[in-house]
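First up is the structure itself, then whatever we jot down about it.
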Protein chains: 2
Amino acid sequence: MQDGTFTSAGHLHETCRGDAYARDCPTRQLLDRIGDKWSVLILLLLGEEEMRFSRLKQRIDGISQKMLSHTLRSLERDGLLTRHPVATVPVTVSYRITPLGRDLLGALRMMIDWAETRMSEVAAAQARFDRERVPA
Amino acid sequence: MQDGTFTSAGHLHETCRGDAYARDCPTRQLLDRIGDKWSVLILLLLGEEEMRFSRLKQRIDGISQKMLSHTLRSLERDGLLTRHPVATVPVTVSYRITPLGRDLLGALRMMIDWAETRMSEVAAAQARFDRERVPA
DNA sequence: CTGGATCCCACGCGATACTG
DNA sequence: CAGTATCGCGTGGGATCCAG
């Protein structure tokens with residue numbers, strides 16, 4: 001339960017004139033939140049459709065129930081998605097992206113598109129780099 | 001520790017289409033690379049202008065020389081930026097973003113814009129969440 | 001000035017077991 | 001089904017010292 005450990009004890013920095021490189025800048029904050037291993041994937045899925053816990057777990061290859069749980073709670077806290085429990089016999093809970101989250105998703109998707117079309121070039125660059133710079 | 005990952009030799013790209021949640025998807029790979037604490041900030045700065053090591057270090061609040069060094073090398077390996085050593089007396093090295101990197105940057109900037117305009121809403125959502133869910 | 005090598009700790013995250 | 005609680009490890013990343 002100590003997930004929200006954002007001490008941020010640092011005091012305000014002098015100039016941040018629109019630049020996003022100071023500690024307390026929005027950019028850093030965003031990166032701190034969705035820069036983890038699973039947030040983007042979850043938002044991506046919920047962008048497609050509302051989804052239940054178990055469904056998310058089975059669609060996201062390799063996520064543990066602990067991390068799914070933690071990440072969902074974190075995203076809910078950030079107002080990027082909402083939680084909808086249904087009092088059926090075995091309780092079911094579905095998650096839905098919020099307008100705020102959907103808006104962010106628009107930006108994220110451009111990143112994803114880049115990944116799908118250009119990651120091969122990255123792989124090639126890596127191979128080249130490793131070949132030239134003595135691999136030993 | 002590898003579960004039944006359908007690694008069909010040849011075009012495993014197809015299966016990922018629209019389903020970027022498998023382990024070997026471009027999306028995951030990208031996230032693994034630039035999902036760290038500093039990559040995005042560095043790309044953002046180099047998107048503005050070519051820059052030297054020391055300059056980057058002073059502009060990015062809080063980065064250690066070790067991490068700057070590591071991240072730069074990693075980004076260079078990925079083909080997102082290039083390194084340009086100048087044989088002056090005390091060696092100077094400048095870094096320049098590549099077309100590939102600049103292209104990614106376009107997508108990243110949308111994310112940054114979102115952060116600058118909407119992070120306040122996130123903060124508000126957090127405050128609300130923490131108030132309702134007994135902070136103890 | 002650039003950046004490698006080391007030491008070391010915090011914590012992200014996975015594995016497992018338990019509950020309502 | 002949808003979580004929570006606990007334990008443990010791997011590693012991201014900061015601090016510091018060293019070198020070309």
Side-chain angles (χ1 to χ4, degrees), chain A residues 1-10 23 28 31-42 45-46 50-77 81-96 133-134 136, chain B residues 1-3 5 23 28 31-42 45-46 50-77 81-96 133-134 136:
Chain A
M1 266 326 124
Q2 66 325 330
D3 199 66
T5 53
F6 306 110
T7 329
S8 65
R23 277 187 207 284
R28 296 276 192 112
L31 257 22
D32 278 351
R33 307 203 162 281
I34 66 161
D36 62 277
K37 201 172 177 180
W38 307 109
S39 292
V40 173
L41 278 325
I42 291 176
L45 271 175
L46 293 181
E50 174 179 350
M51 215 171 281
R52 298 224 319 274
F53 186 91
S54 54
R55 180 74 180 138
L56 283 164
K57 178 145 177 25
Q58 71 186 65
R59 297 246 0 222
I60 301 177
D61 190 21
I63 195 173
S64 65
Q65 84 297 60
K66 172 185 161 184
M67 286 318 294
L68 178 54
S69 189
H70 273 200
T71 311
L72 283 170
R73 179 175 288 264
S74 174
L75 292 172
E76 184 197 1
R77 189 174 105 102
L81 57 81
T82 50
R83 189 171 174 280
H84 302 273
V86 181
T88 50
V89 182
V91 188
T92 63
V93 182
S94 72
Y95 292 87
R96 198 177 304 162
R133 295 280 190 171
V134 185
Chain B
M1 42 85 80
Q2 73 318 315
D3 51 276
T5 36
R23 278 186 209 283
R28 296 277 191 108
L31 257 22
D32 279 350
R33 308 206 161 277
I34 66 162
D36 62 278
K37 202 172 179 181
W38 306 110
S39 293
V40 173
L41 279 323
I42 292 176
L45 272 175
L46 294 183
E50 174 178 352
M51 213 170 285
R52 299 224 320 274
F53 187 91
S54 55
R55 179 72 180 140
L56 282 165
K57 178 146 177 26
Q58 72 186 63
R59 298 248 356 223
I60 301 178
D61 189 22
I63 196 171
S64 64
Q65 87 304 44
K66 170 187 162 182
M67 286 319 295
L68 178 55
S69 188
H70 274 198
T71 310
L72 283 170
R73 178 173 286 264
S74 174
L75 291 173
E76 184 197 0
R77 190 175 103 103
L81 59 80
T82 50
R83 189 169 173 280
H84 301 272
V86 181
T88 51
V89 181
V91 188
T92 63
V93 181
S94 71
Y95 293 85
R96 197 179 305 163
R133 299 279 190 165
V134 186

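The analysis underlying the following values was restricted to heavy atoms, covering all of them including side chains, and did not include hydrogens, waters or symmetry mates.
Contact annotation: B:Arg73 side-chain N/O to C:dG3 OP1/OP2 distance is not under 4.0 Å. OP1 or OP2 of C:dT2 has at least one side-chain nitrogen or oxygen of B:Ser54 nearer than 4.0 Å. Contact annotation: B:Arg52 side-chain N/O to C:dC1 OP1/OP2 distance is not under 4.0 Å. For the OP1/OP2 pair of C:dT2 and a distance below 4.0 Å, the side-chain nitrogens and oxygens of B:Arg83 include no atom meeting the criterion. Residue A:Thr92 has no polar side-chain atom (N or O) positioned under 4.0 Å from OP1 or OP2 of D:dA2.
Counting to the nearest Å, the P atom of D:dT11 and the NE2 atom of B:His70 are 14 Å from each other. Between B:Ile34 atom CD1 and D:dG12 atom C1' the separation is 17 Å, expressed in whole Å. The nearest whole Å value for the distance from the CD atom in B:Glu76 to the P atom in C:dG4 is 10 Å. In this structure, the CZ atom of A:Arg33 is 12 Å from the P atom of C:dG12, given to the nearest Å. One atom, CD of A:Gln58, and another, C1' of D:dA2, lie 14 Å apart when rounded to the nearest Å. If you take CE of B:Met51 and P of C:dC1, they are 16 Å apart, rounded to a whole angstrom. What separates CG of A:Asp36 from C1' of C:dC11 is a distance of 13 Å, to the nearest Å. If you measure from atom CD1 of A:Ile42 to atom P of C:dC13, you get 11 Å, rounded to the nearest angstrom.
Side-chain contact between B:Leu41 and A:Arg28: present, with at least one pair of heavy atoms (C-beta onward) separated by less than 4.5 Å. Under the 4.5 Å side-chain criterion, counting only non-hydrogen atoms from C-beta, B:Leu45 is not in contact with B:Arg55. Between A:Leu46 and A:Leu56 the shortest side-chain heavy-atom distance falls below 4.5 Å.
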Do any N or O atoms of the protein come closer than 3.5 Å to N or O atoms of nucleotides 14-17 of chain D, and which pairs are they?
| from | atom 1 | to | atom 2 | distance (Å) |
| --- | --- | --- | --- | --- |
| D:dG14 | OP1 | B:Lys37 | NZ | 3.4 |
| D:dG14 | OP2 | B:Ser64 | OG | 3.1 |
| D:dG14 | O6 | B:Lys66 | NZ | 2.2 |
| D:dT16 | O4 | B:Gln65 | NE2 | 2.8 |

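The shortest non-hydrogen separation linking A:Ser94 to A:Glu50 is OG-OE2, 2.7 Å.
A side chain to side chain contact (heavy atoms under 4.5 Å, CB included) with A:Ile63 is found for exactly one of A:Lys66, A:Met67, A:Arg59, namely A:Met67.
Between A:Glu76 and A:Arg83 no salt bridge is recorded (no basic side-chain N to carboxylate O distance below 4.0 Å).
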Could you go through B:Val86 and B:Arg52, starting from their C-alpha distance and side-chain angles, then the distance that decides it, and tell me whether this counts as side chain to side chain contact (heavy atoms under 4.5 Å, CB included)?
CA-CA 10 Å; B:Val86 181; B:Arg52 299 224 320 274; over 6 Å; no
